[in-house]
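Comments concern the structure below.
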Amino acid sequence: MMEEKQQKLSLKREVGLIGAVSLIAGTMIGSGIFMSPQTVISSIGSTGASLVVWASCGVLVILVSFCYAELGTVIQESGGEYIYILRTSGPVMAFMLAFSSIIFVRPAGVAGISLSFAQYVVAPFYPECTPPVLIVKFVAAAAIIVLAIVNCMNVRFSMIVQVFFMVAKVVALVVIIVGGVVLLAKGNTENFEDSFKNSNVGINPIGIALYQGLWSYDGWNNLNYVTEELKRPEVNLPRALVIAISLVTGMYLLVNVSYLTVMTPRELMSSTAVAVTWGNKVLGSWGWIMSLAAALSAFGSLNGTFFSGGRVCFVAAREGHMPDILSMAHVHRLTPSPALIFTTIISLVVLIPGDFQSIVNYFSFTAWFFYGVTLSGLIYLKIKKPDLPRPYSVPIVLPILVLLVAIFLVLAPIIDQPQIEYLYVALFILSGAIIYVPFIHFKLCPGVFKKVTTFLQLFLEVAPAEKNL
Ligand code: ARG
């Protein structure tokens with residue numbers, strides 16, 4: 001009986017090209033395109049520069065994804081950055097990544113997206129003013145808890161949620177694009193005249209604008225987390241990356257053009273929920289529809305982040321880098337409930353002090369630090385192991401170029417106008433190395449861990465899950 005269950009727990013190569021594209025695009029489109037345009041333009045100052053930022057983010061993400069396509073076909077294990085860093089930079093760096101991503105990055109992602117959801121749910125009830133922060137946070141917390149329960153109960157149900165919400169967000173973006181095109185065709189082009197006036201070209205404004213834009217594109221690396229489940233990864237991984245990212249980049253640019261056609265930069269900057277302001281101006285009394293669609297989009301993304309997020313826990317626990325309990329699944333429901341519960345608790349904690357913009361900035365800072373480490377791993381492999389079989393290969397200048405951009409992204413907000421919070425985040429990332437030595441390298445207190453694991457295993461009714469290669 002137990003064996004049969006364990007068999008079911010292992011994952012098969014079932015994801016084809018279409019599934020792969022929607023896995024990437026579905027994670028990328030979420031809260032950012034409905035929340036970040038106002039921060040990008042406030043930071044960078046002009047309509048022209050803001051469109052340049054959105055386009056640059058798309059180009060950067062396409063370039064970095066080419067590098068990930070090579071990594072994913074050379075190292076065909078699931079686990080994304082974690083496994084690439086483990087195989088190139090070694091266990092300490094990999095542990096730091098797993099630690100930061102499980103304790104901070106993923107919960108911060110969940111908290112950020114849930115705040116966007118909450119903002120859009122409450123926006124129609126406060127048409128003339130900014131909604132009270134406390135109410136927004138309560139709604140965000142409620143969304144996190146509901147989705148955690150759904151994901152702990154049933155895998156099938158959370159898949160249905162995913163598909164339904166994917167449709168909602170694509171429809172929302174298409175409506176915004178079509179509305180913008182119609183108005184542009186009617187000659188509403190005044191916001192694009194003299195479009196680079198008032199641009200802020202400092203390092204900090206550019207860095208923050210890119211952080212906000214890149215948040216909207218984040219999720220481009222999602223397929224690399226599940227390479228083991230992908231059919232013919234050497235063909236489908238590069239293809240899916242290019243198709244999904246180009247599609248999303250095109251949509252994001254057109255959506256931004258539409259926002260700027262309808263709103264002046266000043267209106268855009270002062271709006272707390274752009275899609276609602278857009279909806280009120282273009283759809284009149286039907287404006288609330290946009291609010292609903294943006295809320296559904298964030299909700300779907302939140303669900304996806306919960307759904308796929310267990311992967312890092314899983315692979316890191318498999319390597320002995322995380323407590324085993326985090327990689328176990330419920331014996332009957334087959335859901336990874338311990339990891340889900342853990343993420344939920346930390347996300348709720350992050351939610352208490354955090355607001356959307358700062359969560360996104362710290363998220364992007366940490367994420368790009370590790371993308372940089374991953375890229376240096378690719379450069380190392382290309383130089384030191386040129387003979388590895390490479391079904392897909394990029395010229396070495398590409399990872400070098402993207403690595404330089406990643407270094408700029410990480411250093412920009414620190415050098416120019418340093419904020420103490422970035423120091424805290426950096427210290428937190430480094431603290432991973434300090435924890436590594438006693439607990440992982442010297443395996444201190446294994447007895448305690450074992451007892452706690454056994455207790456939690458019985459309490460949560462979970463067992464280890466197997467994974468195939
Ligand atoms: N791009 C998404 C959004 O705009 C956020 C993705 C968060 N990251 C992730 N790996 N789930 O909401």
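Just so you know, these numbers come straight off a predicted model, no measurement behind them. Hydrogens, waters and symmetry mates are skipped; everything else that's a heavy atom, side chains included, is used. Numbering of ligands and ligand atoms starts at 1, following listing order.
Each of the atoms 1 (N), 2 (C), 3 (C), 4 (O) of ligand 1 lies under 4.0 Å from some heavy atom of Met28. Here is the list of ligand 1 atoms found below 4.0 Å of a heavy atom in Ser216: 1 (N), 4 (O). Those atoms of ligand 1 that come under 4.0 Å of a heavy atom in Gly32, given as number and element, are 3 (C), 4 (O), 12 (O). Close approach of ligand 1 to Asp218 (heavy-atom distance below 4.0 Å) involves ligand atoms 1 (N), 2 (C), 6 (C), 8 (N), 9 (C), 10 (N). Ligand 1 places these atoms under 4.0 Å from at least one heavy atom of Phe363: 8 (N).
Scored by the ring-ring contact (aromatic ring centres under 6.0 Å, His included) test, Phe165 finds Phe299 as partners (sequence neighbours excluded). Listed by chain and number, the residues in a side chain to side chain contact (heavy atoms under 4.5 Å, CB included) with Val122 are Tyr126, Pro131, Ile135, Val136, Val139 (sequence neighbours excluded).
Between the side chains of Glu81 and Tyr225, at least one donor N or O sits under 3.5 Å from an acceptor N or O. For the residue pair Trp278/Ser271, the side-chain donor-acceptor check at 3.5 Å is not satisfied.
Remark: aromatic rings of Tyr252 and Tyr217 are close, center separation under 6.0 Å. Close placement of the Tyr371 and Trp220 rings is indicated, their centers lying within 6.0 Å of each other.
Proximity of Thr27 to ligand 1, defined as any heavy-atom pair under 4.0 Å, is shared by backbone and side chain alike.
Taking any N or O of Tyr217, backbone or side chain, none lies under 3.5 Å from an N or O belonging to ligand 1.
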